[in-house]
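Proteins come first, then strands; the chains are lettered A, B, ... in the order of their sequence lines, and each starts at number 1.
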There are 2 protein chains.
Amino acid sequence: MPPKSRQKTKNIQRIEPAPPASVRERLLDTADRLFYREGVRAVGIDRVLAEAGAAKASLYSHFGCKDDLVAAHVERRITDARARIEAYVADIPPAERALRFFDLVVEWAKSPDFRGCPLHHVVVELSDPKHPARAVAAKQRQWMHARFLEWARAAGAPNPAAAAGALVVLFDGAVTASEHDGPQRARDARWMAGQLLSH
Amino acid sequence: MPPKSRQKTKNIQRIEPAPPASVRERLLDTADRLFYREGVRAVGIDRVLAEAGAAKASLYSHFGCKDDLVAAHVERRITDARARIEAYVADIPPAERALRFFDLVVEWAKSPDFRGCPLHHVVVELSDPKHPARAVAAKQRQWMHARFLEWARAAGAPNPAAAAGALVVLFDGAVTASEHDGPQRARDARWMAGQLLSH
DNA sequence: CCACTGATAGACAGTTCTGTCTATCTGCTA
DNA sequence: TAGCAGATAGACAGAACTGTCTATCAGTGG
């Protein structure tokens, strides 16, 4: 008899296996995990439903269709990434933020379930340029480029526009090469970013 | 009445619509084109058969299964790429070959049907590490790394191993970023490679 | 003339996937 | 108490995909 039974709602959930959040959250959590780990085309709706413990009608009432679920997955990755990046560089001087950002990329590449960039995966898997998830991914690339430009200016780069382009290349290279060869490539990219911005 | 009718074999092929090569070649040509353009999971066997004008039994007798057809597609891309690269850098001094290689990457990124690296696409789409196509792709990455190491040594880089790692990052970054943003990113990568090797 | 090889055409089974729909259940609120 | 909103469970249709198998045809060599 746990004393928490005083909580009038949701005390049943303590007994059920794992319904920690709303159905929408459960579905999005599961889809996000499976889509990143195995790919959006390899994972069917039924897999998501089974692992989320949800019903088909819930998925379709919340997300409309699978393509929109994929777009929501990309949207969530973007929201998380921006928050993580901004928190990671917040408390250091703007001139050092670009390099600091590559520290975060190294950490990411070292995490055991790292499998490359989920946005890039979606673009590769969904070749239709009108797919809803691609517009979301394109938006994030613009945000990224704007950050690099801002940080390159703050670092006093002689040609901030060129430096921003180079930083985009280094970021994509760090992520893609680490996906194949391991996190050392992300360190290589960080080193080049340091060289780039030390002039 | 063309005089070539003296050719005793294959004069019928001049009349038929387009059977330019053996069935195996036709199948591989078609699969290669479709897999790169739309993705290996998005393109079904029937699409390949219809566009190649071949029968299902031909495909399965020549390639065994779809996974092996995908592996053959990757193998062909590798063979073509190596020949193209070696021809492109053959007649210039070894010290300049790394930079010359990035000229080729820029040309590639500028071609209208460029859609990123087919090897990387296959790795993204086929998350199973035991897929036959992945071993083929891994082999090409080792070849690539060996070339970069060789070229970095020839260019007199103070730390050839570190330079080779950096060149891998720049190559992957050039291809991935150009896939999203256009060929300017490949030029950005070439510029960084020049900076890297000018020390 | 016959046998063999390689290719075509396509039916077929078996699976998987998306999306719809019906029936049921539960908790909340009027 | 009645009704409503949201969730579950699962049948179902329709399509697509892989892989197998049979029947047929054309060319070639003995």
Side-chain angles (χ1 to χ4, degrees), chain A residues 5 7-31 34-35 38-73 125-128 131-133, chain B residues 7-13 15-31 34-35 38-73 125-128 131-133:
Chain A
S5 64
Q7 274 193 331
K8 99 166 172 249
T9 58
K10 303 190 200 314
N11 50 353
I12 304 161
Q13 298 201 349
R14 223 157 277 279
I15 297 159
E16 304 254 334
S22 71
V23 191
R24 193 180 191 281
E25 280 303 300
R26 252 186 302 151
L27 283 167
L28 195 45
D29 283 349
T30 309
L34 294 179
F35 285 165
E38 304 182 27
V40 296
R41 295 193 99 111
V43 173
I45 288 295
D46 289 335
R47 280 280 305 286
V48 177
L49 294 175
E51 298 206 17
K56 207 170 248 192
S58 303
L59 191 151
Y60 280 94
S61 79
H62 279 294
F63 296 98
C65 64
K66 188 191 178 182
D67 289 340
D68 291 343
L69 178 64
V70 174
H73 149 64
E125 289 202 84
L126 308 172
S127 61
D128 177 15
H131 193 284
Chain B
Q7 274 195 333
K8 96 164 177 244
T9 59
K10 304 190 200 311
N11 50 352
I12 304 161
Q13 299 201 350
I15 297 159
E16 303 255 336
S22 70
V23 190
R24 193 180 191 280
E25 280 303 300
R26 252 186 302 150
L27 282 167
L28 195 46
D29 282 349
T30 309
L34 293 179
F35 285 166
E38 304 183 26
V40 296
R41 294 194 101 112
V43 173
I45 289 295
D46 291 333
R47 279 280 305 286
V48 177
L49 295 175
E51 297 207 16
K56 205 170 251 191
S58 303
L59 191 151
Y60 280 96
S61 79
H62 279 294
F63 295 99
C65 64
K66 187 191 178 182
D67 289 341
D68 291 343
L69 177 64
V70 174
H73 148 64
E125 288 201 85
L126 308 171
S127 61
D128 177 15
H131 194 284

Check your understanding: Expressed in angstrom and rounded to an integer, what is the separation of A:H131 atom NE2 from C:dT18 atom P?
Key -> 11 Å
Practice item. Mind calculating the distance between CZ (A:F63) and P (C:dT20) to the nearest angstrom? Key: 16 Å
Review point. When the distance from CG of A:D46 to C1' of D:dC12 is rounded to whole Å, what number comes out?
Key: 13 Å
Check your understanding: Considering only heavy atoms from C-beta outward, does the side chain of A:L27 approach that of A:L49 to under 4.5 Å?
Key -> yes
Review point. Closest nucleotide of DNA chain C for B:S58 versus for A:V43: which of these residues is on the 5' side?
Key: B:S58
Review point. Just how far, in rounded Å, is P of D:dT18 from CZ of B:R47?
Key: 11 Å
Revision key, fill the gap. Sorted by position of nearest nucleotide on DNA chain C, 5' first, the leading residue of A:A42 and A:A57 is A:A42
Exercise for review: Kindly indicate whether the side chain of A:K66 and the base of C:dG19 share any N or O donor-acceptor pair separated by less than 3.5 Å?
Suggested key: no
Review point. Is the shortest heavy-atom distance from the side chain of B:H73 to the side chain of B:L69 under 4.5 Å?
Key: no
**Study point:** Nucleotide nearest B:C65 when distance is taken to its side chain, options D:dT18, C:dT8, D:dG19
**Key:** D:dG19
Check your understanding: Closer than 4.0 Å, any side-chain N/O of B:R41 to the OP1 or OP2 of C:dC17?
Key -> no
Review point. Of all the choices, C:dT18, D:dG19, C:dA7, which nucleotide is nearest to the side chain of B:Y60 once you look at every atom?
Key: D:dG19
Check your understanding: B:K56 versus B:D46: any side-chain heavy-atom pair under 4.5 Å?
Key -> yes
Review point. Would you say a side-chain N or O of A:H62 is under 4.0 Å from OP1 or OP2 of D:dA7?
Key: yes
Point to revise | Polar pair under 3.5 Å, donor/acceptor by atom type, side chain A:K56, base D:dG10 | key: no
Check your understanding: Roughly how many Å is it from CZ in A:R26 to C1' in D:dG6, rounded to a whole number?
Key -> 12 Å
Review point. Taking the side chain of A:A55 as heavy atoms from C-beta outward, which of C:dT18, C:dT8, D:dT8 is closest to it?
Key: D:dT8
**Study point:** A:R41 side chain vs B:E125 backbone, donor-acceptor pair below 3.5 Å
**Key:** no
